[in-house]
Number of protein chains: 2
Amino acid sequence: MTVPAASGAPHGGAADEPTPEAVQLIELLFFAYRDFTGDADAILAEYGYGRAHHRVLHFITRYPGLRVADLLLILNITKQSLARVLRQLVEGGLVVQSAGDTDRRERRLHVTPAGRALMRRLVNAQARRIRRATGLSGSGADAAIRRFLTAMIEPETREMVSTLLDLPKLSKDLNGELQP
Amino acid sequence: MTVPAASGAPHGGAADEPTPEAVQLIELLFFAYRDFTGDADAILAEYGYGRAHHRVLHFITRYPGLRVADLLLILNITKQSLARVLRQLVEGGLVVQSAGDTDRRERRLHVTPAGRALMRRLVNAQARRIRRATGLSGSGADAAIRRFLTAMIEPETREMVSTLLDLPKLSKDLNGELQP
DNA sequence: CAAATATGTCAATATGACTGACGTAAATTC
DNA sequence: GAATTTACGTCAGTCATATTGACATATTTG
């Protein structure tokens, strides 16, 4: 008797059974995401930064004036984890903090020109790969891929992400709009 | 006047400019992959294992008889990194090693029934999310998504991955077929 | 003023990755 | 048959990222 294949499933079992297509997508996701982040990793390494710095820089760039609490919710990490990364970005002159206008306990976060410079390199590299990939996927694929990735996100998180994606212009005054 | 950007182009410039769609996909990829791996992470935590164990277990399950060298190439990590994870899986009774038939220096890797049991839980959770996502993306989306993810993979790696995906049945005798 | 909130920080720990060096057994080559 | 190469393992040290728990400080709010 041969070793049961792929998922170990004897095939034809529960309705819950993973389809071979789904299993293939699991592997593709692994390799695709690894190479996708690899683009950025190579650039970040020049600066002595890592993926964590990238994520923080990304969201501060995209949503200027973000508060620390917002970042914690978006990234879903602890403040201790964020602290070191954020401190290094500030010390490196890529990010500046300033007390909130109405609430001076808050640290509103903004990227500096140097931070924008790095972000541009990073987004260029990653967007190039994405454009190439969507280009190769045929027209109209873009919408399907966006729907797929959105559906992959945890429903609760999905709402927050939709808010983020749909309101990029409001960045200058997203005072607490992020999570009511 | 806005701050001049990193690699030069202040918008409307180079053809290299990242499109807003690409930038959105960057964020969606981040959240989608995070929640996708979160499914598995929760299960693995029960066993005291991590993502690294998952990846190793996954590929041994999918390609029984895999050699250590194959795993290193697939995962693109060092043997020292693999060592601890693999040892823990063997000690935990999820994976067994046996000397190769023709070359007794090789350690052919196989999952035990216990390993299959864990893998089944993991693949069920992740495939469920994927099926739900592809389901929500409309019919025919599956192929578009597969093309997109494949195109996201580094061309060199892509060949290896295609080989892996296309030859799942040959798993029992992939003697060195993995990388000629 | 007291309590809640936003943020920061000290300390200890875990995971997963790395480099570099060295060891052993088995196969291959001369 | 000896020498080299290959497959794998292991010891030692380091780094990046994350965790939990406890405590500090400033500021806003009731």
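Just so it is clear: chains get the letters A, B, ... in the order the sequence lines come, proteins before strands, and each one is counted from 1.
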For nucleotides 19-30 of chain C, just jot down a letter per nucleotide in 5' to 3' order: B, S or -, based on protein non-hydrogen atoms under 4.0 Å. BBB----BS---
Separation of [N] [atom2] from [X] [atom1] (nearest whole Å):
X       : N       : atom1 : atom2 : answer
N76(A)  : dT17(D) : CG    : P     : 17 Å
L44(B)  : dT15(C) : CG    : P     : 12 Å
L72(B)  : dA17(C) : CG    : C1'   : 13 Å
I77(B)  : dA17(C) : CD1   : P     : 5 Å
Y49(A)  : dA16(D) : OH    : C1'   : 14 Å
H54(A)  : dA18(D) : NE2   : P     : 13 Å
L71(A)  : dA18(D) : CG    : P     : 12 Å
E106(B) : dG9(D)  : CD    : C1'   : 15 Å

Whether over 12 other heavy atoms sit under 6.0 Å from Q80(A) CD: yes
Give a yes or no on this: more than 12 heavy atoms of other residues, nucleotides or ligands lie within 6.0 Å of atom CD of E46(B). yes
Hey, are R129(A) and E154(B) close enough for a salt bridge, meaning a charged N less than 4.0 Å from a carboxylate O? yes
Give a yes or no on whether the backbone of L75(A) and the side-chain of R34(B) come within a donor-acceptor separation of less than 3.5 Å. yes
Could you check whether R84(B) gets within reach of a base, just the sugar-phosphate, or nothing at all, counting any heavy atom under 4.0 Å?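 Counting heavy atoms under 4.0 Å across all strands, the contact made by R84(B) includes a base.
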With heavy atoms under 4.0 Å as the rule, sort D41(B) into base, sugar-phosphate or nothing.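 Nothing, no nucleic acid heavy atom in range.
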OP1 or OP2 of [N] versus the side-chain N and O atoms of [X]: is any pair under 4.0 Å?
X       : N       : result
R34(B)  : dA18(D) : no
Q97(A)  : dG8(C)  : yes
H53(B)  : dG16(C) : yes
R107(A) : dA6(C)  : no

Among the nucleotides dT10(D), dA6(C), dA17(C), whichever has the atom closest to the side chain of A83(B) is dT10(D)
Which atom of D35(A) lies closest to which atom of M152(B), heavy atoms considered: CB-O, 4.0 Å
Ring geometry between Y63(A) and F59(A) (parallel below 30°, tilted from 30 to 60°, perpendicular above 60°):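 Judged by the thresholds at 30° and 60°, the geometry between F59(A) and Y63(A) is parallel.
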Treating Ile, Leu, Val, Met, Phe, Trp and Tyr as nodes and any side-chain heavy-atom pair under 4.5 angstrom as an edge, say whether M160(A) and L149(A) lie in one connected cluster. yes
